[in-house]
Amino acid sequence: MAVKYIDVTASSNLFTPAVRAFGDIAIIGRGGFGTGTGTPDFKPKDFSSPSAAADAYAAGSTKLTAEAASGATTVTVAASVPTSTPVRIGAGATSEVRKVTNSAAATGTEFTLTLDSALTGTHPVGADVKEEGDNDLVRAIAAAFRQSPPPTKVWGVQVEFGSTGPKWDEAFAKVGKLDVQIVVLANTPLNSANAETLGKLANHVSATEGDGKERIGVAMLDGSLTADEAVALNTGDVKKERMVLVAHRSADDVAAATAGVIAGYRPHISMLLKPISIAKSDAFSDSEIDKYDRHLINWITSPVLLPGQALYLGEGYTADSSRNKKYIDIVRTLDDVNFRIKAALIQAIGNLRISRVGLRSVDTLVQSVLAPLVSQEVIDRFTIVIPLLTLLDKEPADLSAAEAKQIKDARSARQVDMTIEVVYAGAIHRLAVNLVFTG
């Protein structure tokens, strides 16, 4: 072996900033209620297809532990069933479908279910009590994946039910740990009964969840409300720039479908007139649309100028424009740029020095994030200002006492201030055309 005076082994340890999807979705809602011998798994589950969600949240089933007589409005079963769950009692031609309005523990192993209407027949002990149709989570996840382009990933978070109803706070705590950008409550329309619950959603998405966990919430208006009743609900906790409200006349979970539409596009793409795949929605009148438009509520529309009679989002509003974040793409783009800058700068933390070279490196890292966004026309231009770097660029002898103290204080505190100004050119939402004919 030849003698080597200097032995160098080359290796590479390149830094790759973290990335994230356009928008992963978390849907909180009622899943399968399990059986008399088992309980549902309430841990969040991620899905890349609706069929996987249907398998994970299979229809629940239990049995009668006491005879259910004709005319009864309550039955006793072996498992707790969430409120608002439609169940089929019995089998064959004599079976009956009822909705559970309340579930209360009768004994340690039995539960009393209150039904929305009296039974017309008698059902013996041991008769089946099965969930009728798909549950809220399965329907909502399917609605999100039905969009084109579809979301990349949808998380299902099955809400637990206690003696007082759904345990929303526990469910939001679970969502807080997920890497998602959009949060929805399955089959929970905004009306007077659900205003407090959807206020919890608004507060959740508006709270600081940590670096990189910024998110928005999507809620649908109750389709049975008039326009005047609907717009009056955009108030209180719900009226936030991180909330998206949608008016509709469809039987589908329009909130989940809208979340699927948003997640399928890059953050800077406007949601105006983006197609949405839902069951046919009755059209709104011009006066209704005007009311929704004035109160920052989006609506489902089918413009006659677009062929095919497809359905589209009528606007891309957030629920609050008071801080100049009137449109969904503004909030999402800010979140995306924020995430990209932090992901690039994290390598500087603990490594770069508070010196001319160190701060020049910080400036370069930010430019490496923003310059490609300019070329992609996501943003128009940007400016980076690091006041301390201006002082470090001066000759030490030329610094005033106050300037020298600023440098000393920054190095002592190990903290540097930086301002980034980004010019964002939003999409065209309105055109004013003067068409003049002359003879």
Side-chain angles (χ1 to χ4, degrees), residues 21 23-63 77-89 91 95 97-100 103 128-161 166-168 170-171 174-175 178-189 218-220 248 250-264 276-280 311:
D24 288 345
I25 305 171
I27 300 180
I28 307 171
R30 177 180 60 85
F33 59 80
T35 67
T37 58
T39 56
D41 179 6
F42 291 105
K43 294 180 180 178
K45 302 179 179 70
D46 62 304
F47 304 101
S48 56
S49 71
S51 59
D55 293 338
Y57 302 115
S61 65
T62 184
K63 293 183 181 295
V77 297
S80 178
V81 178
T83 56
S84 301
T85 302
V87 294
R88 181 174 292 276
I89 303 172
S95 65
V97 177
R98 296 290 185 273
K99 182 176 288 188
V100 176
S103 178
D128 290 331
V129 178
K130 296 182 177 179
E131 185 174 7
E132 180 74 2
D134 291 333
N135 53 61
D136 293 346
L137 267 179
V138 170
R139 293 179 63 244
I141 292 173
F145 275 118
R146 198 178 301 130
Q147 309 312 309
S148 181
T152 304
K153 183 188 297 184
V154 177
W155 286 84
V157 183
Q158 183 167 353
V159 66
E160 300 181 52
F161 281 74
K167 299 181 179 180
W168 295 113
E170 287 85 344
K174 295 175 184 177
V175 174
L178 302 178
D179 182 14
V180 297
Q181 292 76 51
I182 306 170
V183 185
V184 180
L185 301 186
N187 192 27
T188 308
V218 183
M220 60 182 175
H248 67 99
S250 173
D252 281 356
D253 195 324
V254 176
T258 302
V261 173
I262 295 171
I276 182 170
S277 178
I278 57 174
K280 180 62 178 176
L311 298 176

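The first residue in the sequence is number 1, and the count goes up from there. On a predicted model such as this, the values are computed, not experimentally measured, just so you know. Below, each value reflects all heavy atoms present in this structure, side chains not excepted, and no hydrogens, waters or symmetry copies.
Among the candidates Asp253, Asp252, Asp136, the single residue satisfying the side chain to side chain donor-acceptor pair (under 3.5 Å) test with Asn187 is Asp136. Arg30 pairs in a side chain to side chain donor-acceptor pair (under 3.5 Å) with only one of the listed residues (Thr188, Thr85, Thr83, Asn135), which is Thr85. A side-chain contact (heavy atoms from CB on, under 4.5 Å) with Val218 is found for exactly one of Val183, Val261, Val184, Leu185, namely Val184.
Without hydrogens or angle criteria, Ser250 side chain to Lys280 main chain gives no donor-acceptor distance under 3.5 Å. Between the side chain of Glu132 and the backbone N or O of Val97, no donor-acceptor pair lies under 3.5 Å. Thr62 places a side-chain N or O within 3.5 Å of a backbone atom of Ala78 that can act as its donor or acceptor partner. Looking only at distances, a side-chain donor or acceptor of Thr258 sits under 3.5 Å from a matching main-chain atom of Val254. Here the side chain of Glu170 pairs no donor or acceptor atom with the backbone of Val159 at under 3.5 angstrom.
Of all non-hydrogen atoms in Leu178 and Ala26, the two that sit nearest each other are CD1-CB, 4.4 Å. Nearest heavy-atom pair across Ala171 and Ile28 is CB-CG2, 3.6 Å. Across all their heavy atoms, Pro44 and Lys174 have their closest contact at CG-CB, 4.0 Å. The minimum heavy-atom distance linking Gly23 with Ala263 is given by the pair O-CB, 2.9 Å. Scanning all heavy atoms of the two residues, the minimum distance from Leu137 to Gly156 falls at CD2-CA, 4.4 Å. A pairwise comparison of heavy atoms in Ala143 and Ala256 identifies CB-CB, 4.3 Å as the closest pair.
Applying the 6.0 Å contact sphere to NZ of Lys45 captures more than 12 heavy atoms from other residues, nucleotides or ligands. Heavy atoms of other residues, nucleotides or ligands lying less than 6.0 angstrom from NZ of Lys99 number 12 at most.
Within the 4.5 Å cutoff, no side-chain heavy atoms of Ile27 are placed close to those of Val157. At least one side-chain heavy atom of Asp128 sits less than 4.5 Å from a side-chain heavy atom of Lys63. With a 4.5 Å cut-off on side-chain heavy atoms, Val87 and Lys130 do not count as touching.
The line from CD1 of Ile276 to OG of Ser148 is 12.5 Å long, rounded to the nearest 0.5 Å. Atom CD1 in Ile25 sits 7.5 Å away from atom CZ in Phe145 (nearest 0.5 Å). Ser95 OG to Arg88 CZ: the interatomic distance, rounded to the nearest 0.5 Å, is 4.0 Å. Taking NZ of Lys153 as the reference point, atom CG of Asp24 lies at 5.5 Å (rounded to 0.5 Å). For the atom pair CG (Leu311) and NE2 (His248), the distance works out to 12.5 Å, reported to the nearest 0.5 Å.
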*Between Ile182 and Ile262, is a side-chain contact (heavy atoms from CB on, under 4.5 Å) present by the stated rule, with each step listed?*
CA-CA 9 Å; Ile182 306 170; Ile262 295 171; 3.8 Å; yes

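In this structure, the ring of Phe33 has its center no less than 6.0 angstrom from the ring center of Tyr57.
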